[in-house]
Amino acid sequence: MVGDGDRQELRAGDVLATKRREYDEDDVRVRPGRSSRPRTRTRPQHADAVDGFVIAVDRGRYTCVLPDAGPETPVVTAMRARELGRKSVVVGDRVGLVGDTSGASGALARIVRIAERRSVLRRTADDDETTAEGRLERVVVANADQLVIVSALADPPPRTGFIDRCLVAAYDADIEPLLCLTKADLAGPEAVLGYYTELELPYVLIRPESDLAELRALLAGRISVLVGHSGVGKSTLVNRLCPDAERAVGTVSAIGRGRHTSTSAVALRLPPPPDPAGDPGWIVDTPGVRSFGLAHVSAESLLHGFPDLVEATVDCPANCPHTADEADCALDAWVAAGKADPRRLASYRRLLASRSGEGDPREPERNPGDPLAGS
Ligand SMILES: Nc1nc2c(ncn2[C@@H]2O[C@H](COP(=O)(O)OP(=O)(O)OP(=O)(O)O)[C@@H](O)[C@H]2O)c(=O)[nH]1
Ligand SMILES: [Mg+2]
């Protein structure tokens, strides 16, 4: 740095030198870059924010629990700070909270930060990216470790196409799938399990009086989200897992469709495991969905939901679309050689077709071979 004293001396001695001094880099006033400009007004630091975990969202109110809260600690109700912009806050989000986090009646906190998400489970209203519905993307839940795909074995009948879609969503979001087959008292699991033989897909069977120890062990220490059609028994299962949950349970109508008894996603703390030091984990009950739109998943990523087919594609020509009319697609030979179930290939191709706007939009997840598939 040149001090003022130096400058005085130069000015006194030589005009040219003074001029040259004007161009010295020490004299250049660099405008602070955009990123380094303090933005305290629009982006407060909120160093005092406390961590919260979002367990429910209802009309702009977010129910959060603090990290060390026990089951008896009151929950904190919060709203989103305006500075979050359009960023949505969903169940499973880990957030920063300021304001009144006492949980006292009427107290309201503010969510000022959303932590980076470990995983994001999304679905779209339909499969076609070019329609408004296809672009309408919903984040179902953030930070889930496990996707529990709940399918009843009867009433309503299982739909392997729906399960296949959930598998695509799970693998795409880096969430481990678990197949949960409910109402095993009404029908056997053989048909569904047979369809997934090559997949090594973990599964549990649930009947009204079944022991849930195996499922509890799979849920311990993780955030698991239940997805499935309406009426398959998600809330019934949550009530059995968490006796204090008191989730509303519906009736399944004569045509085998539930009535969407649950209307929003809610995370519930699982009871402590036998090892009290262990983290019991969380289970998220979600409202039944009619379909699981996959417009947000690229055609290439769809294949990740079909690990039983992936290996075959190394023999496909470059940029193979894997469609049935592609004569050189190696998937046909793979299935013909008995290395995968032809119904799985058909299901994959139905998904490919559905993404490009073909296929039957009314029954996108019903595969031939499913019970009632032809009706
Ligand atoms: N027979 C039999 N019925 C069951 C079983 N599990 C649930 N149910 C019945 O299925 C119906 C629907 O159960 P819910 O738990 O409300 O289903 P849900 O998946 O939460 O439905 P939505 O909230 O609408 O998505 C209820 O009448 C339950 O009693 C089961 O294992 N066996
Ligand atoms: Mg429910």
Side-chain angles (χ1 to χ4, degrees), residues 55-58 63 90-92 121-123 125 138-141 144 146-163 165-166 169-170 177-193 203-216 218-219 223-271 282-293 363-366 370-372:
I55 60 165
V57 177
D58 184 23
T63 308
V90 299
V91 169
L121 179 68
R122 306 169 200 274
R123 73 177 184 94
R138 276 174 243 256
V139 173
V140 181
V141 61
Q146 184 163 245
L147 182 68
V148 184
I149 305 165
V150 187
S151 172
L153 289 164
D155 193 25
R159 300 255 173 102
T160 53
F162 177 82
I163 301 173
R165 284 165 174 272
C166 293
L178 170 66
L179 182 58
C180 181
L181 299 171
T182 59
K183 311 200 188 184
D185 53 315
L186 303 182
E190 298 74 19
V192 177
L193 294 180
Y203 72 92
V204 287
L205 288 183
I206 309 289
R207 45 176 73 80
E209 73 292 356
S210 60
D211 176 21
L212 298 179
E214 187 193 354
L215 177 58
R216 283 188 202 281
L218 291 165
L219 299 176
I223 300 176
S224 303
V225 51
L226 301 179
V227 293
H229 285 137
S230 187
V232 295
K234 297 179 294 297
S235 299
T236 304
L237 186 59
V238 162
N239 286 341
R240 290 184 63 200
L241 288 165
C242 313
D244 299 332
E246 294 175 1
R247 293 288 286 163
V249 163
T251 49
V252 177
S253 63
I255 54 160
R257 291 220 165 113
R259 298 199 189 145
H260 298 273
T261 306
S262 307
T263 52
S264 63
V266 172
L268 295 133
R269 189 196 304 269
L270 289 155
W282 292 85
I283 188 137
V284 184
D285 187 14
T286 66
V289 290
R290 276 237 314 275
S291 69
F292 210 105
E363 296 291 357
E365 67 265 323
R366 194 177 270 188
D370 283 344
L372 306 182

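Order of listing sets the numbers, starting from 1, for every ligand and every atom in it. For reference, positions follow the sequence shown, starting with 1.
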### Message
If the contact criterion is a heavy-atom separation under 4.0 Å, does P208 count as touching ligand 1?
### Response
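Yes, P208 has heavy atoms under 4.0 Å from ligand 1.
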Within a distance under 4.0 Å of any heavy atom of [X], pick out the atoms of ligand 1 and give their elements.
{"X": "L186", "value": "1 (N)"}
{"X": "D185", "value": "1 (N), 2 (C), 30 (C), 31 (O), 32 (N)"}
{"X": "T236", "value": "6 (N), 7 (C), 13 (O), 14 (P), 15 (O), 28 (C)"}

[X]-ligand 1 polar pair, N/O distance under 3.5 Å:
{"X": "K234", "value": "yes"}
{"X": "S235", "value": "yes"}
{"X": "G288", "value": "yes"}
{"X": "R207", "value": "no"}
{"X": "G231", "value": "yes"}

Check whether [X] reaches the backbone of [Y] with its side chain - one donor and one acceptor, N or O, closer than 3.5 Å.
{"X": "R216", "Y": "D211", "value": "no"}
{"X": "E214", "Y": "L205", "value": "no"}
{"X": "T286", "Y": "A265", "value": "no"}
{"X": "K234", "Y": "V150", "value": "no"}
{"X": "R207", "Y": "K183", "value": "no"}
{"X": "R240", "Y": "P208", "value": "yes"}

### Message
Students often mix this up, so state it plainly: with edges at 30° and 60°, are the rings of H229 and F162 parallel, tilted or perpendicular?
### Response
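The arrangement is tilted - the two ring planes meet at 30° to 60°.
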### Message
Any N/O/S atom, side chain or main chain, of S230 closer to the Mg ion (ligand 2) than 2.8 Å?
### Response
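No, outside the cut-off.
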